[in-house]
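Right, one structure below, let's go through it.
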Amino acid sequence: MEVTRIRALRGPNLWTRHTAIEAMVRCDPGTESDLSADQQAFEKRLRHLFPGLGRMQPGERDARLSMAHALEAAVLHLQIQAGCPVTFSRTTPTPEEGLFQVVVEYSVEQVGKLAMQLAEKLCVAAYTSGPFDVDEALKSLRELDEDIRLGPSTGAIVDAALARGIPYRRLSDASLVQFGWGSKQRRIQAAETDASSAIAESIAQDKELSKKMLQAAGVPVPRGRPVHSADDAWAAAQEIGLPVVVKPRDGNQGKGVVVNIRTREEVMQAYQNALEYRDDIMVESFLPGSDYRLLVVGDRMVAAARREPPLVVGDGVSSVRQLVDKVNADPRRGDGHATSLTKIRFDDIAMARLKEQGYDADSVPPKGARVVLRNNANLSTGGTATDVTDDVHPEVAARAVMAAQMVGLDVCGVDVVCESVLKPLEEQNGGIVEVNAAPGLRMHLQPSFGKGRDVGSAIIDTMFAAGQDGRIPVIAVTGTNGKTTTVRLCTHLLKTSGLRVGMTNTDGVYVNGMQLDTGDCSGPRSARSVLMHPDVDAAVLETARGGMLREGLAFDRCQVAVVTNIGAGDHLGLNYISTVEDLAVLKRVIVQNVSPQGMAVLNASDPMVAAMAANCPGQVTFFAVDPHHPVLATHRAQGKRVLYVQDGHIVAQEGAQQVRISLSEVPLTQNDAMTFSS
């Protein structure tokens, strides 16, 4: 078996609407990839190596299994077993004997490509009776998926956008994501939106400055000040009054924070710990009570959680280290932020906290004893969260909203310490200790205890008003002849309506009349650049067969799809599109991906183009020179939209409504001197 020309189809394509990996797989009869002699034995060995392998689809021509079909099933089910949400796969023979096109859906491109490589090794091992470590393969897929895929916070916002039909595009390997297209686009980075100013983020990072601003707004905050040395930290602690909190002035995720400090030795050690993360350190009063995180989005509090520090409960038999290992065995706990919880780790802070309680890592706590591994309750250090959204007193929620607005954040994590959120902060000596830009959402999405909250939708709802989906009109044009002319005409018509138009064709990329690129720009890369441009109100995209074959479409759906005609000529032979019928199947991809509220504009005089109407999710407009063409006449009789030429006029008709434009008034016809052909 030889696997060649692996492609990533990043949009709707010839095979599926899903993103997919496409590979050419050669399985020549009589070679080592020929399974005709021992198909059952091979399948038995393959399933022994990979018990999670699902059903394999046999060849379409002879109903016999080939290595290509085995590869297809292996790529799909390796991804499924690794936790990837994929369902589609297909193997199709080419006209060349022994050569197949294998297409398998992916959710993360790099993971799909790795799955293809591992599946090839698996199939070869099954054929040669060699070894294959499927557990190690699945581990590598899971690790790569966790490293690359969007984190839980960004992922929740993306999922909420998709639920509203808002298209998205990941702009970097990190968490920078674009929602919508052109002039209607918005962007996020993790849980921070493009409406969050750098000034607001800077204020939130400066704990001393943000505390002063909250205090000026009447929000209760703990007393404290910046310190410049360990001795100054102890002096500040004495001024404020013990116990105190020592933390970096511009920290995040609880890094370097030590709370409830009561002695000079603890202050000195906490100061040195904070220095490992930042140079500017703060000391402030310790507020008694529980640690709460309130999430503010826009002008309302949308979720709240009570956070507990990382801890274990003694059983009278196990050591602290063993108890931590048991807690970390929870499948919800991981090493990063991709899982709902983070593993508890042993470090100097944990060992110091154990020492305060009279324990070390090998101590056996009595049954029922709570052993705290850290004073702060951040999930990133192994803490847990309990949803308390429904318990928050209106005045507490109002204080959190005021804090976010005072700093200027549209999405803000407000840290509150108090005995209970059931009553106002002033009644219990509680206060707001921090405000956070780009807050983590996983404690609200998947709390350790209680109800998960759809905070992703709350963020999307502030970015896009009800009824908005971030889309601009997209017209896709394909066919054998006349594509570029049609694109230019559509662009001109949209311009006359006052829209700023982005256009791609075989001459280049244009935005609002300015050429941004030259050459043949009729592929998906050029189309994506237009959809990303902030000055584009509408896009007209020439969609050539080569780009669809290489990468698929640049959009998930279009408002209008125009197919001019289908012909042979030099448009055949690429990627085994060897007949006019094959070409028609490829060209109709844009028709299949018309919006349900959109329109396909099809040539009624071309039988292959006219047949595409059955594949359109939206409405259809037929055009032809001859008003009496049977396809057009039938469509017109049904009261549907048609265009034709009659008595020197272009006639647009829908039901009883009719618009007539004299051909002599259309400059392109050169005063009606040019004729039309289908």
Side-chain angles (χ1 to χ4, degrees), residues 7-22 86-92 101 103-106 162 165-169 181 469 471-480 483 486-487 490 504 522-524 527-528 531 539-567 571-572 574-577 579-604 606-623 631 635 640-641:
R7 286 175 170 171
L9 304 176
R10 301 183 176 97
N13 52 77
L14 177 63
W15 311 104
T16 174
R17 286 189 171 91
H18 303 293
T19 54
I21 296 293
E22 180 192 73
V86 294
T87 58
F88 174 84
S89 67
R90 177 173 175 173
T91 295
T92 303
Q101 290 175 294
V103 183
V104 183
E105 179 186 358
Y106 70 79
L162 292 175
I166 299 169
Y168 85 97
R169 178 184 174 191
W181 297 326
D469 58 11
R471 295 177 183 270
I472 60 173
V474 171
I475 300 176
V477 180
T478 194
T480 302
K483 297 188 296 296
T486 303
V487 165
C490 291
T504 66
S522 57
R528 281 193 290 267
L531 295 176
V540 186
L541 310 172
E542 183 172 336
T543 310
R545 75 199 192 289
M548 283 192 277
L549 290 170
R550 287 191 305 271
E551 289 190 55
L553 299 178
F555 46 84
D556 60 340
R557 60 178 186 258
C558 56
Q559 187 171 341
V560 178
V562 181
V563 185
T564 59
N565 53 15
I566 298 293
H571 284 222
L572 298 179
L574 181 64
N575 202 53
Y576 298 98
I577 302 298
T579 67
V580 177
E581 289 76 15
D582 291 340
L583 185 62
V585 171
L586 175 62
K587 298 286 188 179
R588 81 180 182 204
V589 169
I590 66 167
V591 177
Q592 291 170 326
N593 291 281
V594 167
S595 165
Q597 294 77 40
M599 179 74 68
V601 181
L602 306 176
N603 186 346
D606 188 319
M608 291 186 181
V609 175
M612 296 180 187
N615 300 98
C616 180
Q619 301 298 311
V620 173
T621 294
F622 277 121
F623 67 90
V631 172
H635 205 61
K640 297 178 181 179
R641 189 174 299 183

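Because the structure is predicted, anything quoted here is derived from the model rather than measured. Residues: numbered from 1 along the sequence shown.
In terms of heavy atoms, A584 sits closest to M612 at O-CE, 3.5 Å. Counting all heavy atoms, side chain and backbone alike, V560 lies closest to V562 at CG1-CG2, 4.0 Å. In this structure, T480 and T564 approach most closely via the heavy-atom pair N-OG1, 3.9 Å. A554 approaches A527 most closely through the heavy-atom pair CB-CB, 3.6 Å.
Separating the CG atom in L9 from the CD atom in E551 is a distance of 8.5 Å, to the nearest 0.5 Å. Rounding to the nearest 0.5 Å gives a distance of 3.0 Å between OG1 of T579 and CG of D582. Going from atom CG of N565 over to atom CE of M608 covers 12.0 Å, rounded to the nearest 0.5 Å. Atom NZ of residue K483 and atom CG of residue L541 lie 13.5 Å apart, to the nearest 0.5 angstrom. For the atom pair CD (Q559) and CE (M599), the distance works out to 9.5 Å, reported to the nearest 0.5 Å. L531 contributes atom CG, which lies 8.0 Å from atom CZ of F555 (distance to the nearest 0.5 angstrom).
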inquiry  = Between M548 and L586, does the side-chain contact (heavy atoms from CB on, under 4.5 Å) criterion hold? Intermediate values first, please.
reply    = CA-CA 8 Å; M548 283 192 277; L586 175 62; 4.0 Å; yes

query = Can N603 and F623 be said to form a side-chain contact (heavy atoms from CB on, under 4.5 Å), step by step?
reply = CA-CA 5 Å; N603 186 346; F623 67 90; 3.5 Å; yes

query = V563 and R588: side-chain contact (heavy atoms from CB on, under 4.5 Å), yes or no, with the steps?
reply = CA-CA 8 Å; V563 185; R588 81 180 182 204; over 6 Å; no

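T16 meets the side chain to side chain donor-acceptor pair (under 3.5 Å) test with no other residue; sequence neighbours excluded. With sequence neighbours left out, A544 forms a side-chain contact (heavy atoms from CB on, under 4.5 Å) with S522. With sequence neighbours left out, C616 forms a side-chain contact (heavy atoms from CB on, under 4.5 Å) with V591, V594, A600, V620. Not counting sequence neighbours, the partners of R471 by the salt bridge (charged side-chain N to carboxylate O under 4.0 Å, His left out) test are D469, D556. Every residue meeting the side-chain contact (heavy atoms from CB on, under 4.5 Å) condition with A8, not counting sequence neighbours, appears here in chain and number order: R10, I21, Y106, E109, K113. N593 meets the side chain to side chain donor-acceptor pair (under 3.5 Å) test with R17; sequence neighbours excluded. In this structure, the side-chain contact (heavy atoms from CB on, under 4.5 Å) partners of Y168, at least two apart in sequence or on a different chain, are V158, L162, V177, F179. Taking the ring pair (Phe, Tyr, Trp, His ring centres under 6.0 Å) definition, one finds that H18 meets it with nothing, sequence neighbours left out. Scored by the ring pair (Phe, Tyr, Trp, His ring centres under 6.0 Å) test, F622 finds H635 as partners (sequence neighbours excluded). Legend: residues meeting side chain to side chain donor-acceptor pair (under 3.5 Å) with E22, ordered by chain and number and at least two apart, are R5, W15.
Side chain of K587 to main chain of G479: a donor-acceptor pair is present (N/O by atom type, distance under 3.5 Å, no hydrogens or angles). D606 places a side-chain N or O within 3.5 Å of a backbone atom of I566 that can act as its donor or acceptor partner. A donor-acceptor pair is defined here as one N or O able to donate and one able to accept, closer than 3.5 Å; such a pair exists between the side chain of N13 and the backbone of G11.
Evaluation of the side chain to side chain donor-acceptor pair (under 3.5 Å) test over residues 610-623, restricted to residues two or more places apart or in two chains, returns none.
Only one option out of T478, T543, L553 pairs with V589 in a side-chain contact (heavy atoms from CB on, under 4.5 Å); it is L553.
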